Amino acid sequence: MKVGVITLFPELMDGALEHGVIGRARTKGQLELELSNPRDLTADKHRTVDDRPFGGGPGMVMTPAPLSAAIVSLKEAMPEAPVVYLSPQGRPFDQAMARAWQAHGSVILVAGRYEGIDERVIDRLVDEEVSLGDFVLSGGEFAALAIIDAVTRLEPGVLGDPLSAEEDSFGIEGLLDCPHYTRPEVYENQTVPAVLMSGDHKAIARWRRQQSLARTRDRRPELLEKADLTKEDKVFLTSLGPSDGN
Ligand SMILES: CN(C)c1cccc(CNc2ccc(C(N)=O)cn2)c1
């Protein structure tokens, strides 16, 4: 997986991507990261990357020339990569998008600062505007980091057990994950569901599936519409009483 990132704070990105699963993926060459800082591509003495908005109003806007130069420099290195601008105005990011970009093999992420970027850069160079959710951050870097993590963990060989990429939430036809337990068997006088200690793998798989179904119905019923449920799933769901909402 090749990921390009345009950011005014490359050190903030680099540090966050040196550890854990993502750090190992970089060491093993499963993730190639290329950062480009518009400030390095400015032509003026003050290395200006932002300016006041035409029409007035609060905050600053990222100026088009250095930002465009940074995007073009990464497009030259990764000509097939879609250019994705992270902003609260974008299309909601989801696991399907993560899978699509992992399958494609490369993506260029534009992390904006201030009140955003000059719209002419979006018109000319951005393929897709994407949002992590309905909230505002001081910059797109943390959104970019989340996307890099979500995409990299789907790369074959990155996760120890390949199933776990499929098994976590939104992996099994978009259902929420079941509860998990580990040692000690009794913690603060609370025990572990007996079925998990039974060694009956069929019963365990059924319990986990039913927990996922019940939890999805209680917390995210709209996901059930999109999930492809078996007959047994549907029988189980109808057997549940009214949702207690948690
Ligand atoms: C209008 N405005 C403040 C703004 C516009 C563009 C970028 C940024 C940088 N901050 C971001 C980026 C993404 C997200 C997200 N939800 O994905 C949240 N914040 C802020």
Side-chain angles (χ1 to χ4, degrees), residues 1-17 22 31 33-42 47-75 78 81-102 104 106-154 168-170 174 176 219-220 222-223:
M1 188 70 205
K2 280 175 27 177
V3 177
V5 185
I6 287 103
T7 172
L8 292 171
F9 297 98
E11 66 286 349
L12 184 144
M13 303 285 299
D14 227 12
L17 295 165
I22 305 304
L31 167 68
L33 196 67
E34 189 158 346
L35 305 180
S36 176
N37 184 348
R39 201 176 293 280
D40 298 338
L41 300 164
T42 47
R47 295 164 54 88
T48 310
V49 291
D50 65 325
D51 203 340
R52 295 183 10 260
F54 281 125
M60 303 288 271
V61 175
M62 289 181 76
T63 49
L67 178 57
S68 300
I71 295 173
V72 166
S73 75
L74 287 185
K75 279 177 78 75
M78 310 158 65
V83 177
V84 173
Y85 173 46
L86 303 171
S87 93
Q89 287 71 40
R91 186 158 72 95
F93 178 69
D94 62 9
Q95 194 70 7
M97 225 183 261
R99 280 198 277 263
W101 289 339
Q102 185 276 323
H104 183 75
S106 64
V107 65
I108 293 171
L109 301 174
V110 181
R113 283 266 150 179
Y114 316 112
E115 292 311 304
I117 69 178
D118 188 295
E119 194 70 14
R120 289 166 290 185
V121 177
I122 298 176
D123 295 340
R124 222 162 51 85
L125 292 170
V126 170
D127 298 307
E128 175 122 40
E129 202 163 339
V130 167
S131 168
L132 279 204
D134 294 332
F135 51 84
V136 180
L137 303 168
S138 47
E141 283 79 7
F142 291 136
L145 287 169
I147 287 176
I148 292 168
D149 192 293
V151 173
T152 302
R153 64 197 307 276
L154 295 174
D168 61 14
S169 286
F170 306 103
L176 299 188
R219 300 182 190 183
R220 299 288 304 279
E222 78 281 6
L223 291 177

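Read the numbers this way: they start at 1 and go in the same order the structure lists the ligands and their atoms. Since the model is a prediction, treat every value here as computed from it, not as a measurement.
- Listed by chain and residue number, Arg47 satisfy the salt bridge (charged side-chain N to carboxylate O under 4.0 Å, His left out) test with Asp40 (two or more places apart in sequence, or in another chain).
- When side chains are defined from C-beta on, Leu137 does not count as touching Leu86, because their heavy atoms never get closer than 4.5 Å.
- Put simply, the side chain of Asp127 gets close to the backbone of Val83: a donor and an acceptor are under 3.5 Å apart.
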Cut-off 3.5 Å, no hydrogens considered: what does the side-chain donor-acceptor table look like for residues 110-117, sequence neighbours left out?
unit_1: Arg113; atom_1: NE; unit_2: Glu141; atom_2: OE1; d: 2.9
unit_1: Arg113; atom_1: NH2; unit_2: Glu141; atom_2: OE1; d: 2.9

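- Ordered by chain and residue number, the residues placing a heavy atom less than 4.0 Å from ligand 1 are Tyr85, Leu86, Ser87, Pro88, Gln89, Gly112, Tyr114, Glu115, Gly116, Ser131, Leu132, Gly133, Phe135, Val136, Leu137, Gly139, Gly140.
- The side-chain heavy atoms of Ile147 and Met97, taken from C-beta on, include no pair separated by under 4.5 Å.
- For Arg124, there are no salt bridge (charged side-chain N to carboxylate O under 4.0 Å, His left out) partners, not counting sequence neighbours.
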